[in-house]
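Remarks on the structure that follows.
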Amino acid sequence: MREYGVFGIVAAMAVILFVAFAGTFQVGQTEQALVLRFGQPVEGRGLVTEPGLHFKLPLVENVIIRPNLILNLESPNQEVLASDSTRIQVDAVLRYKIVDLLKFYQTLQTTDRANNQLGYLLNSAIRRVLGQAGLPEIVRYGRQNLMNQIRSQVNDESEPLGIQAIDVRIRRADLPEQISEQVYQRMNSEYARQAATYRAQGVQEAQTIRAQADRDVVVLLGEAQQKADTARGEGDALRNKTFADAYGRDPDFFAFYRLMGAYNDALASPRTRLVLTPGSANAFFRFFKAPEAQTPPAKPPETLPGQPSAER
């Protein structure tokens, strides 16, 4: 009897442990659970999103646990034909979330199958949307609008699957390598042509500026020469007038002054040689004989050719 009692206690404890393990389930922070009874969600507690320990009826209810966070799906690199017949290599990424766990379980069941189905929907939406856009819109100013259109189309097709697309991003949209090389060569040629045009315009502008500068130099030099000639003529006229006034006041001193200037000019160099007849030296060197030597009357200063006369 005692053996039967011990066996009953052990059996009861085993049943309790079985019920405890089979009647409870745990939901993590990033998970959600679906409680099914004979394949249908239990009314009132079919969807469990609160993390922690929860209860179920053993052998009658089963629990499906799936992620309750944003999942990433990377689309493989694919070639898309734009509206302007340009081939583009597109690489995109999709972020989605399970919003209806029952639909998700009934249609896809696992995240792997969901990724496969969403990858097909994403690629189809990319081809449809980008096929109606041109290369500048895809590459430059219209990418955000195109990504929103792709996300909307994915959401329309994934709604029966219990999935919602949160965001779609085109990470890379480039031309194929061969086309990129052709575009690069064409751009290089275009920039070389523009550079040659700018250089030619620069040379033309430089020649214009240089010609203008040369003309201004000629004009300035001409004006300066004219002013110099005018000033020189006025100076010569004043000099002749001064000489004439000096001659009128004291002809002897004027003759002496002029002869001293002639001595200075004639005997300035130590290698000066003078060839004079015996009689011709008397007039030129008369002041070397005696300071009071009689001087012939001096002639008034001659006006140099091209200079104004001193007589007024």
So, applying side-chain contact (heavy atoms from CB on, under 4.5 Å) with Ile150, which one of Asn145, Leu121, Ile126 is it? Ile126
Is the number of heavy atoms from other residues, nucleotides or ligands under 6.0 Å of Gln226 CD greater than 12? no
If two hydrophobic side chains count as joined below 4.5 Å and joins carry through other members, does Ile163 share a cluster with Tyr120? yes
Salt bridge (Lys or Arg N to Asp or Glu O under 4.0 Å): which pairs involve residues 192-220, sequence neighbours left out? Glu190-Arg193
Spacing of CG belonging to Asp100 relative to CD belonging to Gln106, to within rounding of 0.5 Å: 8.0 Å
Find out whether Leu130 and Ile170 are in side-chain contact, i.e. whether some heavy atom of one side chain is under 4.5 Å from a heavy atom of the other. yes
Should Ile166 and Val154 be counted in the same cluster of Ile, Leu, Val, Met, Phe, Trp and Tyr side chains packed under 4.5 Å apart? no
Mark yes or no for whether Arg66, through its side chain, and Gln109, through its backbone, hold a donor-acceptor pair below 3.5 Å. yes
Identify whether Leu108 and Leu102 are in the same connected component of the hydrophobic contact network (ILVMFWY, side-chain heavy atoms under 4.5 Å). yes
Pro67 backbone acceptor or donor facing Gln32 side chain under 3.5 Å: yes
Compute whether any side-chain donor of one residue and acceptor of the other, for Tyr96 and Asn155, lie under 3.5 angstrom apart. no
Side chain to side chain, Ser75 and Leu94, heavy atoms closer than 4.5 Å: no
In Å and rounded to the nearest 0.5 Å, what is the OH to OG1 distance from Tyr105 to Thr110? 10.5 Å
Grouping ILVMFWY residues whenever side-chain heavy atoms fall under 4.5 Å, the cluster of Leu221 otherwise contains Val217
Under 6.0 Å from the CD atom of Gln144, do we count more than 12 heavy atoms belonging to anything else shown? yes
Find out whether Pro160 and Thr107 are in side-chain contact, i.e. whether some heavy atom of one side chain is under 4.5 Å from a heavy atom of the other. no
Return the CG to CD distance between Leu146 and Gln149, rounded to the nearest 0.5 Å. 5.5 Å
Please assess Gln164 against Arg95 for the test side-chain contact (heavy atoms from CB on, under 4.5 Å), listing each intermediate value before the final yes or no. CA-CA 9 Å; Gln164 181 183 5; Arg95 294 181 177 89; over 6 Å; no
Is there a side-chain contact between Arg151 and Asn148, using heavy atoms and a 4.5 Å cut-off? yes
Give, for atom CD of Gln194 and atom OG1 of Thr197, the distance between the pair rounded to the nearest 0.5 Å. 7.5 Å
Indicate, with yes or no, if Leu73 and Val99 share a hydrophobic cluster defined by side-chain heavy-atom contacts under 4.5 Å among Ile, Leu, Val, Met, Phe, Trp and Tyr. no
Give a yes or no on whether Leu101 and Leu69 share a hydrophobic cluster (residues Ile, Leu, Val, Met, Phe, Trp, Tyr; joining criterion: side-chain heavy atoms under 4.5 Å apart). yes
Pair listing, salt bridge (Lys or Arg N to Asp or Glu O under 4.0 Å) test, anchored in residues 103-128, at least two apart: Arg128-Glu157
